[in-house]
Amino acid sequence: MSIEQIIRVKIIEAIEKCYQQTVDANLVQLQNTRKEFEGDITLVVFPFVRMSKKSPEQTAAEIGDYLKANVEEVSSYNVVKGFLNIVISSDYWISVLNTIISTANYGITEPTDASKLVMVEYSSPNTNKPLHLGHIRNNLLGFSLCEILKANGNKVVKTNIVNDRGIHICKSMYAWKMWGNGETPESTGIKGDHLVGNYYVKFDQEYKKEIAALIAQGETKENAEQNAPSMQGARELLLKWEAKDAETIALWQMMNQWVYAGFDVTYKALGVDFDKIYYESETYLYGKNEVLRGLAEGVFYQKEDSSVWADLTAEGLDQKILLRSDGTSVYMTQDIGTAKERFQDYPIDKMVYVVGNEQNYHFQVLSILLDKLGFEFGKGLHHFSYGMVELPQGKMKSREGTVVDADDLIEEMTEVSRKTSEELGKLDGYTPEQAAETYKMIALGALKYFILKVDPKKNMLFNPEESIDFNGNTGPFIQYTYARIRSILRKAADRSIAVNPDVKVSAEPGAKELQLIKVISQFPTAVNEAGEGYSPALIANYIYELVKEFNQFYHESPILAEENEEIRNLRLVIAETAGKTIKTGMKLLGIDVPERM
RNA sequence: GUCUCGGUAGCUCAGCUGGAUAGAGCAACGGCCUUCUAAGCCGUAGGUCUUGGGUUCGAAUCCCAACCGGGAUACCA
C-alpha cells in the first residue's frame, strides 16, 4: 500500500471519528504539496467543512491532529487556508529508498500465465512507398505502448497488418515493367522500399502526362483519367493478380520482397519489431464470408445493384457499404476478416489498434459491425487514436514531395549527433564503432523523445530545421543525465567508495534528497497511469521531471566530495536509484541510454 | 449540414477525475567551467489560458453558446 493510500484510509477514519460522517473515498483529494510549503502530501479540506460545521482551518487542524496521533508515518502537519499539508517522516522515505534499491525490478510487473493477453496492431504500411514521419509516430507510439502494457503485467502480441495488395502496388509494378530496365536494389544500390517508391512516383508522373495529352486531344478529364494507358495497365495487372497469373504474382512477390527488406532496415533502426505479421493478401477474402453470413442472417441488406450495406441509423450513424456492387471487398470488409482471424489465432483479451485519428469513424463502425455479427470482442476493441504530424508548410503530401522520409531523417539526425559529439569531444576514449553506436543512440533518443513526449491524441508540428534539439526537454538531455550518473558510480568504484545495496541507508536526508526520493518513488504510479491512459507521454513527462530534479541536485550537492560518509552513501544510493529509474523509464519509451556521452 | 478532436508565453508543448501565486523547453537578455561531464545550472523578461455566459467557497480544468483550426461523413485504404 502506498503512503497516499494509507493516508486516504486514515482521513476517512478521522472524519468518521471526529464528525460521525461517512465519506466517499473520491472526496478525499490528495495532491503533492507545492514546493513552497512544508510537507509531502496535501489534503484539500473544503469538501469536509460541511460535515465539521467548522472553519476550514479548524477542520484541517482536527484531521491533522488525528493523523499525527494515529499514523506512524505522519510526523507533523501545517495548515494554510483550507489546505492540510501533511509531513511524512524521513524514516518512511528512507525505507522506501531501501526498498527500491534492493528490488530487482521495482515498479514493473512481470506477466504470468494468468496475465491478460493484449494484441496491439501498429505500423501497418502500404508496400508501394517507404516509411515516412507519420509512420514513425505510429511505430514509436505502438512499440512504446506495448512496453508499457507489458510493464503493467500484460502479455502482449505485437502485430502488423501489411497492406500488400491492391491498385497501389500494381502502379509500381506497371511502372517497373514499362520503364524499369530490369533494375533491382542490388543493381542500383537503392534500398528496396525506396526503389519501389520511386516507381510509384514515376507512375504518377507518366499518368499525369498521359492525362494531359488526352485532354489536349479533346477528351474529358474523367475519360482521360479512366483511359490513360498506364492506369489501364495497372488495372490489368490487378485483374491478373486476382486471377493468380503466374508472371504477375512472381513480379508482385519480387517487388514486395524488396520492400520488406527495406522496411526491415528501417524498423531495425527505429528499434521496433513484431511478433506476428498479417498480410492483407492472405486475409482480404475472409471478411467477405462474414459479410455474406450477416446478409443471410438479416443483419445487413442488399441493394438492387447487389451492393451490401449495414444500416447504422439506430446507432446514430449512416449507412455503411460492405461489399461493392461488383462483389469486391472494401477496407471495412477486410478489417472484419482480419479481426476474426486474429481472435481465432490467439486467446485475445484486449485488441488495440494504433491507427491515426482520421480513422476514428472507421473503428467506431468496425466495433459495431463485429458486435452485430455476434462477436463478443466487438465492443471491446480499443482504437489508440493519435494525431497527425504536420510540417510548417502544412500536411505532408507524398505527391508534392513534402514527406519527411524516415530513413533520411534518421541519417540526418545521426549526422548532427556525430558533429555535436565530436565538437564536445566527450567520446574521445571510444573506438570508432563504440562512438558510432552512441551517436545513433543519441540521434534516435532525440527523435523518439521528441515525438513521444507530446500527447498522442494531439496533432503535432514537426519542423525539420528547428524541432529536433539536443538541449532542454529532450531525449539527449535525459541520456546525458544518465551518462553522468553512470560516471559518478564508475568514479566511486575507482575510489573504492562502496555502493552496497545491502548496506541500509541511515543518514538523515535533507530537503533536496527527500525531494528526489519522492519523485523516484512515484515511478510505479506513473507506469500504471501511462498504461491506463494509453499514453507514453505520461512516462516521458515523469522522466523529465525526475531528470530535471536530479540535475539541480547534482549542481548543489556534492556526492563524491562529500565528507560525511553516511550522507555520501545516501547520495550515491539516490544517484544509483535515479539512474535505474531513468533507464527503466526510457526502456518503456523504446529509448536506449548510453554509459557515457 | 451532421459527428468528432483541438485552441494555454513569440515558437513547441505540460497542466484538465475543479483547488493555493498557470509551468517547462526553445528563441532573447545577464551570470556560472582548477571540484562528480557546461548536451548542464542560476537569474531577468515574456499570459485577458480564443470569446461570452453558467454551475460554486473556488474554473485553464465541468456545462452551454459563438468564433477559429484539424479530421471523418455510402462503393480509396
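Note on naming: letters A, B, ... go to the chains in the order of the sequence lines (proteins, then strands), and numbering restarts at 1 for each one. Computed from heavy atoms alone, side chains included, the values below leave out hydrogens, waters and symmetry copies.
Nearest-nucleotide positions on RNA chain B place A:Ser421 closer to the 5' end than the other of A:Glu390 and A:Ser421. Projected onto RNA chain B by closest heavy-atom contact, A:Lys81 and A:Lys453 fall at different nucleotides, the more 5' of which corresponds to A:Lys453.
The nucleotide whose nearest atom lies closest to any side-chain atom of A:Gln319 is, among B:A14, B:U37, B:A74, B:A74. Comparing B:C75, B:C13, B:A20 against the side chain of A:Arg34 picks out B:A20 as the nearest. Of the candidates B:A74, B:C41, B:U37, the closest approach to any side-chain atom of A:Phe477 belongs to B:C41. With B:G19, B:A77, B:U4 as the choices, the nucleotide that has an atom nearest any side-chain atom of A:Asn126 turns out to be B:A77. Among the nucleotides B:C36, B:U73, B:C75, the one closest to the side chain of A:Ile559 is B:C36. For A:Gln31, counting side-chain heavy atoms from C-beta on, the closest listed nucleotide (B:G25, B:C41, B:A20) is B:A20. For A:Asp318, counting side-chain heavy atoms from C-beta on, the closest listed nucleotide (B:U73, B:C75, B:U37) is B:U73. For A:Asn473, the listed nucleotide lying nearest its side chain is B:G25; candidates were B:G25, B:G6, B:A38. Ranking B:C75, B:A14, B:C42 by closeness to the A:Asp455 side chain, first place goes to B:A14. Nearest to the side chain of A:Glu358, among B:G71, B:G25, B:A38, sits B:G71.
Judged by atom type and distance alone, A:Asn471 does not reach the base of B:C26 through any side-chain donor-acceptor pair under 3.5 Å. Within 3.5 Å, a donor on the side chain of A:Thr42 pairs with an acceptor on the base of B:A20, or the reverse. In this model, a side-chain donor or acceptor of A:Asn85 finds a partner on the base of B:A20 within 3.5 Å.
Across all strands shown, A:Leu424 has heavy atoms under 4.0 Å from base atoms, whether or not it also approaches the sugar-phosphate. Among the protein residues, A:Gln359 comes within range of the nucleic acid bases, having at least one heavy atom under 4.0 Å from a base atom. Across all strands, A:Met460 comes closer than 4.0 Å only to sugar-phosphate atoms, never to a base (heavy-atom distances). Among the protein residues, A:Ser55 comes within range of no part of the nucleic acid, since none of its heavy atoms lies under 4.0 Å from any strand. Residue contacts shown for A:Ala575 are absent, as no nucleic acid heavy atom lies under 4.0 Å away. Nucleic acid contact class of A:Lys491 (heavy atoms, under 4.0 Å, all strands): sugar-phosphate only. Looking at heavy-atom distances under 4.0 Å, A:Arg495 makes contact with sugar-phosphate atoms alone, never a base. Using a 4.0 Å heavy-atom cutoff across all strands shown, A:Val44 reaches at least one base atom of the nucleic acid. If you check every strand for non-hydrogen atoms under 4.0 Å, A:Lys303 touches a base.
Without hydrogens or angle criteria, A:Lys288 side chain to A:Gly327 main chain gives a donor-acceptor distance under 3.5 Å. Side chain of A:Tyr542 to main chain of A:Val519: a donor-acceptor pair is present (N/O by atom type, distance under 3.5 Å, no hydrogens or angles). Side-chain atoms of A:Gln479 come within 3.5 Å of backbone atoms of A:Met441 as a donor-acceptor pair (strictly under, hydrogens ignored). No donor-acceptor pair under 3.5 Å is formed between the side chain of A:Asn160 and the backbone N or O of A:Ile277. When atom types are taken as modelled, the side chain of A:Tyr353 and the backbone of A:His382 share no donor-acceptor pair closer than 3.5 angstrom.
The side-chain hydrogen bond (donor to acceptor under 3.5 Å, both in side chains) check on A:Asn551 picks up A:Thr481, A:Arg484, with sequence neighbours excluded. With sequence neighbours left out, A:Phe37 forms a ring-ring contact (aromatic ring centres under 6.0 Å, His included) with no residue at all.
Rounded to an integer number of Å, the gap from CZ of A:Phe462 to P of B:G70 is 22 Å. Between the P atom of B:C75 and the CD atom of A:Glu304 lies a distance of 16 Å, rounded to the nearest Å. With rounding to whole Å, A:Glu556 atom CD is found 13 Å from B:G40 atom C1'. When rounded to the nearest whole Å, the span between CZ of A:Arg8 and P of B:U17 equals 14 Å. A:Leu366 places its CG atom 15 Å from the P atom of B:A77, with the value rounded to the nearest Å. Counting to the nearest Å, the C1' atom of B:U73 and the OH atom of A:Tyr331 are 15 Å from each other. Rounded to an integer number of Å, the gap from NE2 of A:His362 to P of B:A74 is 14 Å. Regarding A:Gln364, its CD atom lies at a distance of 17 Å from the P atom of B:U2, rounded to whole Å.
The side-chain heavy atoms of A:Pro536 and A:Ile148, taken from C-beta on, include a pair separated by under 4.5 Å.
The side chain of A:Arg484 contributes an N or O atom lying less than 4.0 Å from OP1 or OP2 of B:A38. Not one side-chain nitrogen or oxygen of A:Gln29 sits closer than 4.0 Å to the OP1 or OP2 atom of B:G18. Between A:Lys458 and B:G7 there is a side-chain N or O to OP1 or OP2 distance below 4.0 Å. Note on A:Arg324: every side-chain N or O is 4.0 Å or more away from OP1 and OP2 of B:A74. Distances shorter than 4.0 Å separate some side-chain N or O of A:Ser487 from OP1 or OP2 on B:U37. Residue A:Tyr361 has no polar side-chain atom (N or O) positioned under 4.0 Å from OP1 or OP2 of B:U2. Applying the 4.0 Å criterion to OP1 and OP2 of B:G25, one finds that A:Lys548 has a side-chain N or O inside that range.
Cation-pi geometry between A:Arg165 and A:Tyr284 is met: the NZ or CZ atom falls under 6.0 Å from the ring centre, inside 45° of the normal. A cation-pi contact, defined as under 6.0 Å to the ring centre and within 45° of the axis, is absent between A:Lys320 and A:Trp309.
Where stacking is scored as ring centres under 5.5 Å apart with planes under 30°, A:Tyr554 does not register as stacked on the base of B:G40. Residue A:Tyr544 and nucleotide B:A24 are not classified as a stacked aromatic pair, given the requirement of ring centres less than 5.5 Å apart at an interplanar angle below 30°. Both thresholds, 5.5 Å between centres and 30° between ring planes, are not jointly met by A:Tyr480 relative to the base of B:G40, so the two rings are not stacked.
When the shell of 6.0 Å around CD of A:Glu437 is examined, it contains 12 or fewer heavy atoms from other residues, nucleotides or ligands.
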Paired and unpaired positions of RNA chain B as dot-bracket, Watson-Crick or G-U wobble under 3.5 Å, | denoting a partner strand: ((((((((.[[[[.)...(...]]]].(((((.......))))).....[[[[[..)....]]]]])))))))....
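With a glycosidic angle further than 90° from 0, B:C16 counts as anti.
Distance check on atom P: B:G15 versus B:G7 gives 11 Å, rounded to whole Å. Using atom P as the reference point in both B:A38 and B:G30, the two lie 22 Å apart (nearest Å). B:C49 and B:U21 have their C1' atoms separated by 15 Å, with the value rounded to a whole Å. Taking atom C1' on both nucleotides, B:G46 is separated from B:G23 by 13 Å, rounded to a whole Å.
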Working for side-chain contact (heavy atoms from CB on, under 4.5 Å), residues A:Glu513 and A:Phe553: CA-CA 8 Å; A:Glu513 282 87 357; A:Phe553 176 77; 3.8 Å; yes
